[in-house]
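All chains are named by letter (A, B, ...) in the order of the sequence lines, taking the proteins before the strands, and each is independently numbered beginning at 1. Predicted model, so just to flag it, every value in this text is computed and none were measured.
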Number of protein chains: 2
Amino acid sequence: MNIGDVARMSGLPAKTIRYYEDIGLVEPMRSGNGYRSFRESDLHKLAFLGRARSLGFTIDECRNLMQLYADKDRASSDVKQIAKGHLQRIDAKIEELTQMRETLSHLIRACAGDNRPDCPILSDLASLPDQKKPA
Amino acid sequence: MNIGDVARMSGLPAKTIRYYEDIGLVEPMRSGNGYRSFRESDLHKLAFLGRARSLGFTIDECRNLMQLYADKDRASSDVKQIAKGHLQRIDAKIEELTQMRETLSHLIRACAGDNRPDCPILSDLASLPDQKKPA
DNA sequence: GTAGGGCTTCCACCAACTGGAAGGTCAAGA
DNA sequence: TCTTGACCTTCCAGTTGGTGGAAGCCCTAC
């Protein structure tokens, strides 16, 4: 299979696939004309990567997960551990965004949004953090 | 004030402040020894930037917001517009993360997490997207 | 032979910093 | 006076995960 084929089948852009080869995530063979030649197993890996990335795993985590996938003697606890760590990151991010959302929507509600210059959003942004000038 | 002073007072790392100067967000003066010399107004801008960034506004949005802040003839609707756009982005991100969280926590619950190799997390990742091989 | 698609490499760029090296400045202490 | 240490300077490189584009093969069809 050429890169266009696996791109279509994996749902990943060809550019991304070349990038994944660059960083050693897949190692397709080469045809006589220099084209990459993907095996079934490469396609499989790419699909794995696409799915893992879509769940937000980092490239490094993907690397680890693929290793575990390849290792028939793995312990599922190792996989679960990675997933749990990732879940925690997601939770932290959601928390952070929710906090932003809170503040921001509060400010938006308070802003008249008319043609006058007074604006609680700007007032908030302009407020200094609780620290004072140097002596 | 030297960079260390405004760093402490604004809560921003000195490196970040230099970077902000690089991209034209602040323009501190220079002392005879080559050190940056920050005015009160620079500190104010930096605090503004720090606050806006902490709410997740992009640097470009910060630029616009600072311009509006400086413009005494601004319409608060312009500010509100920027904030609303940003809120939408936040909502989209939260939505995306929540979806990931959903899938992931589901998989984690399904995984035994013991020393056996069977793992629904890996099984899910390994599933191909709904597309078939080429003709 | 030429037009088109697909493929190749390489280089640059995105956001928003962060780390580190090499070196100048300044105030205090021995 | 010298030195130590905390500041400060610039510049270069790296981070994450790709994306865009240029220049140039390859292959098939017409």
Side-chain angles (χ1 to χ4, degrees), chain A residues 1-38 42 45-46 48-66 85-86 89-90 93 96-97 100 134-135, chain B residues 1-38 42 45-46 48-66 85-86 89-90 93 96-97 100 134-135:
Chain A
M1 291 178 284
N2 282 349
I3 199 167
D5 302 318
V6 285
R8 266 183 300 281
M9 287 185 283
S10 68
L12 293 171
K15 275 238 139 158
T16 299
I17 295 173
R18 288 195 198 96
Y19 171 67
Y20 285 171
E21 183 187 12
D22 252 30
I23 63 176
L25 288 175
V26 280
E27 291 174 307
M29 323 202 61
R30 294 288 174 147
S31 311
N33 58 9
Y35 286 18
R36 287 171 183 80
S37 177
F38 295 83
D42 295 318
K45 276 189 187 179
L46 289 171
F48 188 102
L49 286 166
R51 177 75 178 138
R53 291 287 300 127
S54 81
L55 286 179
F57 285 104
T58 65
I59 291 285
D60 242 38
E61 285 166 337
C62 290
R63 227 182 275 273
N64 292 334
L65 288 169
M66 288 214 311
H86 178 39
R89 272 210 331 271
I90 289 180
K93 195 76 195 165
E96 186 191 343
L97 287 171
M100 283 181 189
Chain B
M1 290 178 285
N2 282 349
I3 199 167
D5 301 318
V6 287
R8 267 182 300 281
M9 287 185 283
S10 68
L12 294 171
K15 274 242 140 154
T16 300
I17 296 173
R18 289 195 197 95
Y19 170 67
Y20 285 172
E21 182 187 12
D22 253 29
I23 62 175
L25 287 175
V26 280
E27 290 174 309
M29 322 201 62
R30 293 290 174 143
S31 311
N33 57 10
Y35 286 17
R36 288 173 183 79
S37 176
F38 295 82
D42 294 318
K45 276 189 187 178
L46 290 171
F48 188 103
L49 285 167
R51 177 74 177 138
R53 290 288 300 127
S54 82
L55 286 177
F57 286 104
T58 64
I59 293 284
D60 243 37
E61 285 166 336
C62 289
R63 227 183 275 274
N64 292 333
L65 288 170
M66 287 214 311
H86 178 41
R89 271 210 331 269
I90 289 179
K93 194 76 197 164
E96 186 192 341
L97 287 171
M100 284 181 189

key: Lys93(A) and Glu96(A) ion-paired at < 4.0 Å   = yes
message = Nearest whole Å is fine: how far is dA12(C) P from Tyr19(A) OH?
response = 18 Å
ask   = For the pair made of CD1 in Ile17(B) and C1' in dT18(C), what is the distance, rounded to whole Å?
value = 14 Å
ask   = Out of dT18(C), dT8(C), dT9(D), which nucleotide sits closest to the side chain of Tyr35(A)?
value = dT8(C)
query = CE of Met29(B) versus P of dC8(D): gap in Å, rounded?
reply = 18 Å
request  = Answer yes when Arg30(B) and Glu21(B) have at least one side-chain N-carboxylate O distance shorter than 4.0 Å, and no when they do not.
outcome  = yes
key: Asn2(A) or Gly32(B), whichever maps to the more 5' nucleotide of DNA chain C   = Asn2(A)
message = Measure CD/Glu21(B) against P/dC17(C) and give the value in whole Å, please.
response = 15 Å
request  = Grab the CG-C1' distance between Asp22(A) and dC10(C) for me, whole Å please.
outcome  = 10 Å
ask   = Where is the tightest heavy-atom contact between His86(A) and Leu55(A), given as atom of each residue plus distance?
value = NE2-O, 2.7 Å
key: Atom-pair distance (CZ on Arg18(A); C1' on dC7(C)), nearest Å   = 7 Å
inquiry  = Taking 4.0 Å as the cut-off, does a side-chain nitrogen or oxygen of Thr16(B) come that near to OP1 or OP2 on dA16(C)?
reply    = no
query = Which atoms form the tightest heavy-atom contact between Ser37(B) and Asp42(B), and what is the distance?
reply = O-OD2, 4.3 Å
ask   = Within less than 4.0 Å of OP1 or OP2 of dT9(C), is there a side-chain N or O belonging to Arg30(A)?
value = yes
ask   = To the side chain of Ile59(A), which of dG18(D), dC17(C), dT9(C) is closest?
value = dG18(D)
ask   = Between dT9(D) and Arg36(B), is there an OP1 or OP2 to side-chain N/O distance shorter than 4.0 Å?
value = yes
query = With sugar-phosphate meaning primed atoms plus P, OP1 and OP2, does Arg53(A) contact a base, only sugar-phosphate, or nothing at under 4.0 Å between heavy atoms?
reply = sugar-phosphate
query = What is the nucleic acid contact for Ile3(A), judged by heavy atoms within less than 4.0 Å: base, sugar-phosphate only, or nothing?
reply = sugar-phosphate
ask   = Does Leu12(A) offer a backbone N or O that forms a donor-acceptor pair with the side chain of Ser10(A) under 3.5 Å?
value = yes
request  = Between Pro13(B) and Asn33(B), name the one whose nearest nucleotide on DNA chain C is closer to the 5' end.
outcome  = Pro13(B)
query = Which whole-number value in Å describes the distance from Lys15(B) NZ to dC11(D) P?
reply = 12 Å
task = For Tyr20(A), report the nucleic acid contact type (base, sugar-phosphate, nothing); a contact means any heavy atom under 4.0 Å.
result = sugar-phosphate
ask   = Over how many whole Å does the gap from Met1(A) atom CE to dC7(C) atom C1' extend?
value = 16 Å
